[in-house]
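Just so it is clear, the structure is predicted and the values come from calculations on it, not from any experiment.
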Amino acid sequence: MPRVRRTGAYTLALAVHGIPVLMLALGVLVLSSPTGYLLTWLVGALFIAIGVCLRPRLPRISPDSEPVTSAPALEAVVSRVASAVGIKPPVRIVARDLDMGVFYQRVGLRREPVLSIGLPLWFSLSAQQRVAALAEACLVSRKRNGLVIESALWALDLWRGALLESGPLSHRWTSHTMMARELGAAVYAPPTLYDSVGMVGRVLGRGLGLPILGIERTLIRLTRDTGYGDADSSMGVIDQVAGPKAVAGLHMLLDAPGRILAPVQSAVVRGESPMTIRASVVSRAPEDLSRDASVQLAEADSKRIDLELERHYSRALRSLSLLVD
């Protein structure tokens with residue numbers, strides 16, 4: 001990454017980390033004022049609470065992840081792909097039930113490399129498409145952003161999710177409507193204080209979240225080319241590792257998630273076992289093994305990986321069955 005862009009990225013990341021420090025300083029300043037009014041104490045406490053909530057956080061493993069253990073076939077292909085891309089193999093592999101991606105990230109203060117596998121996507125990929133997914137995840141991890149920038153990106157992602165992606169609790173609104181109808185409001189259920197306050201909070205969240213979204217996108221743009229060049233060269237590396245047919249097939253699935261979930265959910269409703277569903281997925285997958293690919297995953301090795309992950313597949317399919325209901 002050019003020096004100017006790196007300087008801009010670090011400046012913006014330090015500004016992000018400075019926001020909670022500024023809130024804490026304002027809170028202490030307000031509380032230390034000699035006025036002694038109750039409103040002053042409330043405003044100071046609010047600033048301190050905001051500063052604590054916005055405190056810097058290190059990237060960490062998602063709490064809904066489950067460690068993958070005793071999977072030598074999976075670890076072998078992950079190690080081969082990581083070596084082909086030019087990074088260290090992950091020290092841990094975790095599985096997520098409802099995630100539609102494969103991610104390689106560095107977590108904690110020691111920045112340990114961890115590979116996160118979204119089971120619905122992984123379950124629906126052919127053998128060579130799995131190599132393509134691993135290659136893309138590993139290639140992104142070659143970016144040398146550093147702890148300051150990565151922790152800022154992680155904090156911005158959390159802020160954006162809290163401010164822009166929150167919504168009303170659908171189950172609470174359903175129960176409120178049912179109770180109102182039972183009490184005689186057959187057509188209209190008037191909003192409660194909880195709903196009114198929630199609406200005000202969501203409006204404020206949208207107002208504060210849009211600048212956060214702009215900062216996040218700017219920082220991502222500044223660090224986009226770090227470590228492995230532009231998008232065309234990175235796609236060339238993935239094609240060399242997995243083969244262009246596998247990469248094209250992977251992107252076709254990612255562009256239309258319904259192609260992944262719909263057949264699997266239908267099979268779940270029919271009560272089919274994980275290995276039966278997987279066999280059906282493999283039978284429909286096109287042949288994408290390329291002789292030019294530097295890492296090739298044979299179908300027999302892919303089946304061994306499925307056997308190693310069968311327990312995780314069963315749990316993920318149960319989660320998908322809840323979505324169907």
Side-chain angles (χ1 to χ4, degrees), residues 1-27 46-65 87 90 94 96 98-116 118 136-168 198 200-231 234 254 257:
M1 180 169 58
R3 184 182 296 253
V4 174
R5 295 180 63 183
R6 179 177 292 277
T7 302
Y10 270 101
T11 302
L12 191 56
L14 289 174
V16 171
H17 292 312
I19 292 176
V21 177
L22 177 61
M23 292 293 104
L24 290 173
L26 286 175
L46 177 62
F47 278 132
I48 291 178
I50 294 175
V52 172
C53 291
L54 299 183
R55 67 190 183 279
R57 294 175 175 85
L58 295 172
R60 54 188 176 86
I61 300 176
S62 176
D64 62 348
S65 302
I87 65 170
V94 298
R96 300 187 64 184
L98 300 177
D99 204 339
M100 297 296 293
V102 178
F103 305 99
Y104 183 114
Q105 59 182 155
R106 301 179 185 276
V107 302
L109 187 60
R110 299 175 60 185
R111 304 184 67 210
E112 293 183 339
V114 175
L115 181 71
S116 175
E136 285 200 359
C138 291
L139 193 63
V140 171
S141 73
R142 283 176 54 175
K143 302 172 80 170
R144 299 293 189 262
N145 288 330
L147 183 61
V148 173
I149 295 178
E150 288 184 0
S151 58
L153 286 170
W154 183 264
L156 288 170
D157 180 69
L158 294 177
W159 298 356
R160 174 179 48 78
L163 294 172
L164 292 177
E165 298 176 5
S166 61
V200 173
R202 287 190 294 275
V203 171
L204 292 176
R206 301 304 187 270
L208 296 174
L210 291 178
I212 296 298
L213 180 62
I215 295 173
E216 182 184 26
R217 289 183 175 178
T218 302
L219 188 55
I220 291 175
R221 191 176 294 111
L222 288 172
T223 59
R224 180 174 294 167
D225 297 338
T226 307
Y228 57 86
D230 57 20
S234 64
L254 292 175

Quick one: are S116 and V94 in side-chain contact, heavy atoms under 4.5 Å?
yes
When rounded to the nearest 0.5 angstrom, what distance separates CZ in R221 from CG in L12?
11.0 Å
Is there side-chain contact between E216 and L213, with heavy atoms separated by less than 4.5 Å?
yes
What's the spacing between L156 CG and I149 CD1 if we round to 0.5 Å?
11.5 Å
Between Y104 and A137, which heavy-atom pair has the shortest distance, and what is it?
CB-O, 3.5 Å
Nearest 0.5 Å please: distance from the CG atom of L46 over to the CD1 atom of I50.
4.0 Å
Check P20 against G51 and note the closest heavy-atom contact, atom names and distance.
CB-O, 3.4 Å
Rounded to the nearest 0.5 angstrom, the CZ-CD distance for R60 and Q105 is 10.5 Å
All heavy atoms of R96 vs all of S62, minimum pair found to be NH2-OG, 3.3 Å
State, with a plain yes or no, whether a side-chain heavy atom of E136 is found less than 4.5 Å away from one of V102.
no
May I ask you to decide if G214's main-chain N or O and R217's side chain share a donor-acceptor pair within less than 3.5 Å?
no
For residues V52 and L24, determine if any side-chain heavy atom of one lies less than 4.5 Å from a side-chain heavy atom of the other.
yes
